[in-house]
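Here's the structure we're looking at; comments come further down.
Lettering follows sequence order; numbering is per chain, from 1. Basis for what follows: all heavy atoms, side chains included, without hydrogens, waters or symmetry-related copies.
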Number of protein chains: 2
Amino acid sequence: MITHPDLLTIQQAAEQTGLSEHTLRYYERVGLLLPVDRAPNGHRRYAPDHLRLLQFLIKLRATGMPIEQMKEYAALIRAGEGNEGERLRLLLDHKQLVLARIQVLLDSLAVIDRKIESYQELHACINDDSVQAE
Amino acid sequence: MITHPDLLTIQQAAEQTGLSEHTLRYYERVGLLLPVDRAPNGHRRYAPDHLRLLQFLIKLRATGMPIEQMKEYAALIRAGEGNEGERLRLLLDHKQLVLARIQVLLDSLAVIDRKIESYQELHACINDDSVQAE
DNA sequence: CTACAACTTCGAGTCGACTCTAAGTCAAGC
DNA sequence: GCTTGACTTAGAGTCGACTCGAAGTTGTAG
């Protein structure tokens, strides 16, 4: 196969991003990505630009952004320059949500930690008992 | 209705826990909770013990523990004393997972933050331009 | 006696995000 | 010419965790 520099097959794109080929096609299907370039035989060819966007979208996913909102962000990027304010707003809003979610995680974890400590104390007591019993 | 002290109807339990009545019944159905006590007419009556367990299970849920694993934990509690070591292990393992997930969130958020900053700089530049233009 | 509200059950439906399947195309190697 | 493997498509299936709906029962208020 003639491998054009910088143009990746779907397999290579999957490797690079950690997404499955299925998922890459799915993202395109649902309109998260614009139709990807094609080789003469119809096969997808991912350009570095695509990959960079994908890598960033993956970070949005990792922070729990729903696909619908990722679509909004991707659409803003596609629309070109001039809407950086909107992009900024979207990202800032999302950041607040993520921080809030982390806070919930930490708060809940604190409760769980108290339970953990109580079990650990119990464990220590049992050890004490057995020491005293000996 | 004769409201026995401390025994809550499903509606009251839903209020107290923030879960829906549907969800309370669902948790019981899937075996997360033991069959709840019933009033003579067959209606559920939640005892303080139930409520306390629920409150804790809700913290586990909030930290993303799947229902299957919550069932394991609830089963250990039901089994009575003597398995505190297992409970401790389960909670400690879960805690590690949660901490790891928080770390992923923070790492991804750091990437998003860099993007946010770049948009903010851009924004600042535009402001500079307009100031200079005046 | 009737209306109403609060429950009951069980099964079906929803949602988001994949994930997989089947059937087809195409280029390269033997 | 045939097989193999990497791709293509559209549509169906899965999974977890609810969420809802329909039909029935019970107990109280008017």
Side-chain angles (χ1 to χ4, degrees), chain A residues 1-4 7-47 50 54 57-74 94 97 101 104 108, chain B residues 1-4 7-47 50 54 57-74 94 97 101 104 108:
Chain A
M1 189 204 303
I2 299 150
T3 46
H4 188 292
L7 289 187
L8 303 187
T9 65
I10 194 167
Q11 199 179 53
Q12 293 167 326
E15 258 172 52
Q16 293 255 333
T17 58
L19 300 173
S20 72
E21 303 178 22
H22 283 307
T23 301
L24 284 170
R25 294 195 197 96
Y26 165 72
Y27 277 2
E28 195 175 336
R29 243 196 314 178
V30 298
L32 182 54
L33 273 50
L34 273 186
V36 175
D37 303 335
R38 300 300 177 119
N41 62 2
H43 290 191
R44 287 174 179 78
R45 289 293 176 268
Y46 291 84
H50 266 111
L54 264 173
L57 291 178
I58 286 166
K59 296 300 176 187
L60 294 181
R61 276 296 297 119
T63 51
M65 182 182 286
I67 292 219
E68 276 309 304
Q69 204 175 349
M70 289 167 65
K71 277 167 70 173
E72 280 179 50
Y73 182 77
H94 179 60
L97 275 180
R101 290 204 296 109
V104 169
S108 302
Chain B
M1 189 204 303
I2 300 152
T3 45
H4 187 292
L7 288 187
L8 303 187
T9 66
I10 194 167
Q11 199 179 53
Q12 293 166 327
E15 258 173 52
Q16 292 255 335
T17 59
L19 300 174
S20 73
E21 303 178 23
H22 282 308
T23 302
L24 284 170
R25 292 194 200 97
Y26 165 72
Y27 278 2
E28 196 175 334
R29 243 196 313 177
V30 299
L32 182 53
L33 272 51
L34 272 187
V36 175
D37 302 335
R38 300 301 177 117
N41 61 4
H43 291 192
R44 287 174 179 79
R45 288 294 176 270
Y46 290 84
H50 266 112
L54 263 173
L57 291 177
I58 286 166
K59 296 301 176 186
L60 294 181
R61 276 294 299 118
T63 50
M65 183 182 286
I67 292 221
E68 277 308 306
Q69 204 175 349
M70 290 166 64
K71 278 166 69 174
E72 280 179 50
Y73 182 77
H94 179 60
L97 275 179
R101 291 203 296 108
V104 168
S108 302

Original post:
Can you name the residues that form a salt bridge (charged side-chain N to carboxylate O under 4.0 Å, His left out) with B:E68, not counting sequence neighbours?
Top reply: B:K71

Original post:
Side chains of A:L33 and A:L57: does their closest heavy-atom pair fall under 4.5 Å?
Top reply: yes

**OP:** Mind calculating the distance between CD (A:E28) and C1' (D:dA10) to the nearest angstrom?
**Re:** 14 Å

Subject >> Spacing between A:E21 atom CD and D:dT9 atom P, to the nearest angstrom >> reply: 12 Å

Subject >> N or O in side chain of A:R44 less than 4.0 angstrom from D:dT8 OP1/OP2 >> reply: yes

Original post:
Taking five pairs at each end, how big is the angle between the two axes of the helix from C:dC1-D:dG30 to C:dC30-D:dG1, to 10°?
Top reply: 30°

Original post:
Residues two or more places apart in sequence or in another chain: which of them pass side chain to side chain donor-acceptor pair (under 3.5 Å) with A:Y73?
Top reply: B:Y119

Original post:
Any donor-acceptor pair under 3.5 Å linking the side chain of A:R101 with the backbone of A:T63?
Top reply: yes

Subject >> Set of residues satisfying side chain to side chain donor-acceptor pair (under 3.5 Å) with respect to A:S108, sequence neighbours excluded >> reply: none

Subject >> Between CD on residue B:Q69 and CD1 on residue B:I67, distance to nearest 0.5 Å >> reply: 12.0 Å

**OP:** Respond yes when some side-chain nitrogen or oxygen of A:T9 is under 4.0 Å from OP1 or OP2 of D:dC7, and no when none is.
**Re:** yes

**OP:** List in chain and number order the residues that pass side chain to side chain donor-acceptor pair (under 3.5 Å) with B:R44, two or more places apart in sequence or in another chain; answer none if no residue qualifies.
**Re:** B:E28

**OP:** Could you encode protein contacts along nucleotides 15-27 of chain D as a string, one character per nucleotide from 5' to 3', using B for base contact, S for sugar-phosphate-only contact and - for no contact, with a heavy-atom cut-off of under 4.0 Å?
**Re:** --BBBB-----SS

**OP:** Check B:L32, B:V36, B:I10 against B:L24 for a side chain to side chain contact (heavy atoms under 4.5 Å, CB included) and give me the one that passes.
**Re:** B:I10

Original post:
So does A:R38 get a side-chain nitrogen or oxygen closer than 4.0 Å to the phosphate oxygens (OP1/OP2) of D:dT9?
Top reply: yes

